K.L.:
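Supplied in structure tokens, the structure appears directly below.
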Protein chains: 2
Amino acid sequence: MANQATTSMRDHILEVASDLFATRGINATGVDTIVAQAGIAKMTLYKYFKSKEQLIVEYLQKHDDNLRQGLFDRLDANKDNQLNTLINAVMEWIADPEFKGFSFINAFVEFPQAESAVNQVSVEFAQALRNTIAKSAASSGVKKPEILAMQLSLLIEGAAMAEQMQRGSGAIDHARAAAKVLISAAL
Amino acid sequence: MANQATTSMRDHILEVASDLFATRGINATGVDTIVAQAGIAKMTLYKYFKSKEQLIVEYLQKHDDNLRQGLFDRLDANKDNQLNTLINAVMEWIADPEFKGFSFINAFVEFPQAESAVNQVSVEFAQALRNTIAKSAASSGVKKPEILAMQLSLLIEGAAMAEQMQRGSGAIDHARAAAKVLISAAL
DNA sequence: AGCGTACTATACAGGTCAGTACATTAACGC
DNA sequence: GCGTTAATGTACTGACCTGTATAGTACGCT
């Protein structure tokens, strides 16, 4: 509705769509809802995005970029103890009341067929997160960084689901503690 | 299609629906598809189930019963080392190529609104699984069984997602190893 | 033979879905 | 002022959705 002088129309649409996808689910969010919420005409949406699928893919991309950027900022600010820094950053990310789950996990569940582009992109981003963890593990002197990265990512994804299902269940703190145990066992 | 002499019509419908829900996703499976696949008339489905939502809830219930029963059988057969037995049983469950994810997680993602009955049932079953793990932990002499149960359930749910996303990624073995570390740390 | 039950087939209601067509209005550079 | 461009509102297509209505068929029981 409000004239988008600062941010471009395209960004505005993507932002509104991302919000709806995250809170209501992707399949449950119709294009008409996005258009109404953004206060624009449907034609405008289809001028910037050729299909709903493209909108979904860019939504996943954006969330991945945000997560990745947040992690890198924290890692750059704290060169030693990379692994602990990363775990803390991710757990804070999950603890945020605005957190609605990792988008790539939700998208993977909503698009279970391997042929779907959304499914493929989701898998890519899950692996990218693991790779980032593995790099931190390697720089922290872990012997087998890929294995630890896999284990930590299981904890992280599990914690994200558990915290969503029951806010304040303690999943985050217990995940943090478990991560500490696994890390020291891998050193 | 085939005359259901052995199993009741109701069970037949629920079985077909469960299969479709698990493989294609719940929202992506229409009632017409279930009816066609089951080889029945739509009126017959609505004779036994008052709505699609009821069908979904019973699907979740059935999967939970299956998982629960499988675990109890294994636990009864091996009274000592309950925790290891349970982890092994769950990991084998996940490793099965037919495994399509924990239904309560998928349902939770597809129905994110807390008001939804499907959402509520999903959360219940997730907690029930944690309780089962906690009992095994307690019987194994763990000091704080609830905490360990939470940590193990994070690993389990994470492993289920990871294994689905990339079959044979090693998620299961690494989760098993991580579980061992956490268990021995908690004793 | 006659009745009731279980199931089927077809059609429909009322709604939402993604995506398109078209005609109109507002803003801005020249 | 004029032409271009961006965005709008409305209506539509064709498909799919859950759920219902109706009429007909197959079969077992008494």
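Bear in mind that the values here come from a model prediction, so they are computed numbers and not experimental data.
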K.L.:
Which pairs would a plain distance check flag for residues 59-71 of chain A, meaning a side-chain donor or acceptor within less than 3.5 Å of a matching protein atom at least two apart in sequence or in another chain?
P.N.:
| residue | atom | partner | partner atom | Å |
| --- | --- | --- | --- | --- |
| A/Q69 | NE2 | A/D73 | OD1 | 3.2 |

K.L.:
I'd like to check the side chain to side chain contact (heavy atoms under 4.5 Å, CB included) partners of A/D32; sequence neighbours left out, ordered by chain and number.
P.N.:
A/K42
K.L.:
Tell me every residue that passes side chain to side chain contact (heavy atoms under 4.5 Å, CB included) with B/N78, counting only those two or more places apart in sequence or in another chain.
P.N.:
B/D80, B/T85
K.L.:
I want to check something: taking the side chain as every heavy atom from C-beta on, are A/L14 and A/L55 in contact at a cut-off of under 4.5 Å?
P.N.:
yes
K.L.:
Can you pull out the residues from residues 25-34 of chain A that lie within a 4.0 Å heavy-atom distance of DNA chain C?
P.N.:
A/T29, A/G30, A/V31
K.L.:
For A/R10, check side chain to side chain donor-acceptor pair (under 3.5 Å) against everything at least two apart and list the hits.
P.N.:
A/E58
K.L.:
With heavy atoms under 4.0 Å as the rule, sort B/Y48 into base, sugar-phosphate or nothing.
P.N.:
sugar-phosphate
K.L.:
Considering residues at least two apart in sequence or located in another chain, which fulfil the side chain to side chain contact (heavy atoms under 4.5 Å, CB included) criterion with B/P145?
P.N.:
B/A137, B/A138
K.L.:
Between B/K47 (NZ) and C/dT5 (P), how many Å, whole number?
P.N.:
9 Å
K.L.:
Not counting sequence neighbours, which residues clear side chain to side chain contact (heavy atoms under 4.5 Å, CB included) with A/A186? List them please.
P.N.:
A/V142, A/L148
K.L.:
For chain A and DNA chain D, what are the first and last nucleotides along the strand, 5' to 3', with at least one atom under 4.0 angstrom from a heavy atom of the protein chain?
P.N.:
D/dA6 to D/dG9
K.L.:
Would you tabulate the side-chain donor-acceptor contacts of residues 155-165 of chain B under 3.5 Å, counting partners in other chains and residues two or more places apart, or write 'none'?
P.N.:
| residue | atom | partner | partner atom | Å |
| --- | --- | --- | --- | --- |
| B/E163 | OE2 | B/G168 | N | 3.1 |

K.L.:
Return a table of donor-acceptor pairs under 3.5 angstrom between the side chains of residues 94-106 of chain B and protein atoms on other chains or two or more places apart.
P.N.:
| residue | atom | partner | partner atom | Å |
| --- | --- | --- | --- | --- |
| B/D96 | OD1 | B/E98 | N | 2.7 |
| B/N106 | ND2 | B/K100 | O | 3.2 |

K.L.:
Can you list, pair by pair, the side-chain donor-acceptor contacts under 3.5 Å of residues 43-51 of chain A, counting residues two or more places apart and other chains?
P.N.:
| residue | atom | partner | partner atom | Å |
| --- | --- | --- | --- | --- |
| A/S51 | OG | A/E53 | N | 3.4 |
| A/S51 | OG | A/Q54 | N | 3.3 |

K.L.:
Can you pull every protein N or O that's under 3.5 Å from an N or O on nucleotides 21-28 of chain C?
P.N.:
none

K.L.:
Between B/S51 and A/T44, which is nearer to the 5' end of DNA chain D once each is assigned its nearest nucleotide?
P.N.:
A/T44
